[in-house]
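Values below: every heavy atom of this structure, side chains too, minus hydrogens, waters and symmetry copies.
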Number of protein chains: 2
Amino acid sequence: MRTGNINRMQNLSKNQQIIFDLIDKSPEPLKAYAILFNVQKKGIKAPLQVYRALDKLVEIGKIHKIESRNAFIACHNSSCQVSKATAFSICEICEKVTEISSVGLSKYLANFKDKDGMKYNKYNLEFFGLCKKCR
Amino acid sequence: MRTGNINRMQNLSKNQQIIFDLIDKSPEPLKAYAILFNVQKKGIKAPLQVYRALDKLVEIGKIHKIESRNAFIACHNSSCQVSKATAFSICEICEKVTEISSVGLSKYLANFKDKDGMKYNKYNLEFFGLCKKCR
DNA sequence: AACATTATGTAATAATATAACATTAACAAG
DNA sequence: CTTGTTAATGTTATATTATTACATAATGTT
Ligand SMILES: [Zn+2]
Ligand SMILES: [Zn+2]
Ligand SMILES: [Zn+2]
Ligand SMILES: [Zn+2]
């Protein structure tokens, strides 16, 4: 592996870093336009700049999109082989979102075969319920 | 169970029926504005009329929303205890979507406990891969 | 009949996301 | 170091998805 590739794996671009930092320190999932509002003082002025950074961050597994909420959270499975095999719990009252990292669950889903015997190494699972505080 | 309730369970309203019929006979998931375009000749003129019908149809389990695609498909698990426990396979090339009805999978997910011992009877799982035709 | 609930109609607007095009930065190869 | 290539950025405009607000009508219940 060459230097350039290592850098690309380790170093985010300026916009990517700004937006990742914001998402990473947020206690809750952030929506694209909330992000835009927050980073305008740092010179990121247009939706597209945000969406491009988000796309890249999702692609490299630094963040995940919560599809049912159109919002983004940082990945805390530092190893993150799971960037394409994600599971979350979502509180239907306070909207708290937690990434689930269960070896059993991920193994079960990675080995799951549909009726045609097809396996899938990419999936997204969202559980809904009430968090500790809300139940 | 009283008559009113039975009617509510069996009979869709006019707009609901029109929109359900369209989705039910579609071979692919339909998006809200594609639905709107298709039903304008039947007098449904505004997005809100479509979204209201969609909300209701989702609520009663006649259709499901494919969250990653913002599109809707009819449920073909006629029994449909699973309207809040859904699983789909999605082809990343042709966008074909198939509802998965696997007793094993649904049991596994309904019995899954997170780190806090919490169980969830509501979930949505989307698998991504290539369908038979596309691989 | 009176009341409550569900569904509808309509206009306006909010929220989410992408297209198109120009420019600049990073970087690999010769 | 310059040439070709890819990744990232900047900017404007626009497309797509979804909701608010308010008025009316249909349906179901007592
Ligand atoms: Zn993760
Ligand atoms: Zn909660
Ligand atoms: Zn179903
Ligand atoms: Zn396919």
A:Lys122: which residues meet the side-chain contact (heavy atoms from CB on, under 4.5 Å) condition with it, sequence neighbours left out?
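For A:Lys122, the residues satisfying side-chain contact (heavy atoms from CB on, under 4.5 Å) (neighbours in sequence not counted) are A:Lys84, B:Glu92, B:Phe128.
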Ignoring hydrogens and geometry, is there a side-chain-to-backbone donor-acceptor pair from B:Glu126 to B:Ser68 under 3.5 Å?
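Answer holds: yes.
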Nearest whole angstrom, please: distance from the [atom2] of [N] to the [atom1] of [X].
X       : N      : atom1 : atom2 : answer
B:Ile19 : C:dG9  : CD1   : C1'   : 13 Å
A:Glu59 : D:dA7  : CD    : P     : 9 Å
A:Asp55 : C:dA17 : CG    : C1'   : 9 Å
A:Arg69 : D:dT19 : CZ    : P     : 11 Å
A:Ile35 : C:dT16 : CD1   : P     : 11 Å
B:Ile18 : C:dA7  : CD1   : C1'   : 13 Å
A:Lys56 : C:dA26 : NZ    : C1'   : 13 Å

[X] versus [Y]: any side-chain heavy-atom pair under 4.5 Å?
X       : Y        : result
A:Glu95 : A:Ile90  : yes
A:Lys62 : A:Gln16  : no
A:Ile66 : A:Asn124 : no

Any strand: nucleotide that pairs with D:dT24 via Watson-Crick or wobble, under 3.5 Å:
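Across all strands, the one nucleotide that pairs with D:dT24 is C:dA7.
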Crowded around B:Asp24 CG? As in, over 12 foreign heavy atoms under 6.0 Å?
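Correct, the count exceeds 12.
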List the atom pairs, with distances to 0.1 Å, where a side-chain N or O of residues 39-48 of chain B and a protein N or O form a donor-acceptor pair under 3.5 Å, not counting sequence neighbours.
from, atom 1, to, atom 2, distance (Å)
B:Lys41, NZ, B:Asn38, O, 3.2

Tell me, which of residues 38-54 of chain A have any heavy atom that sits under 4.0 Å from an atom in DNA chain C?
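Hits under 4.0 Å, by residue number: A:Leu48, A:Tyr51.
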Write out all pairs satisfying ring pair (Phe, Tyr, Trp, His ring centres under 6.0 Å) with one or both partners inside residues 17-62 of chain B, taking only residues at least two apart or from two chains.
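The answer is none; no pair qualifies.
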What residue pairs, at least two apart or across chains, pass ring pair (Phe, Tyr, Trp, His ring centres under 6.0 Å) with a residue in residues 92-120 of chain B?
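As it turns out, the ring pair (Phe, Tyr, Trp, His ring centres under 6.0 Å) pairs with a partner in residues 92-120 of chain B, which skip direct neighbours, are A:Tyr108-B:Tyr108, A:Phe127-B:Phe112, A:Phe127-B:Tyr120.
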Using nucleotides 13-15 of chain C, report all nitrogen or oxygen pairs with the protein that are shorter than 3.5 Å.
none

Nearest-nucleotide comparison on DNA chain D, the residue closer to the 5′ end among A:Asn15 and B:Phe72
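By nearest-heavy-atom nucleotide position, the 5'-most residue is A:Asn15.
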I want to verify a distance call: between C:dG9, C:dA7, D:dT9, whose nearest atom is closest to the A:Lys14 side chain?
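Looking only at heavy atoms from C-beta outward on A:Lys14, the closest nucleotide is D:dT9.
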[X] vs [N]: side-chain N/O to OP1/OP2 distance below 4.0 Å:
X       : N      : result
B:Ser13 : D:dA26 : no
A:Asn70 : C:dA17 : yes
B:Lys65 : D:dA18 : yes

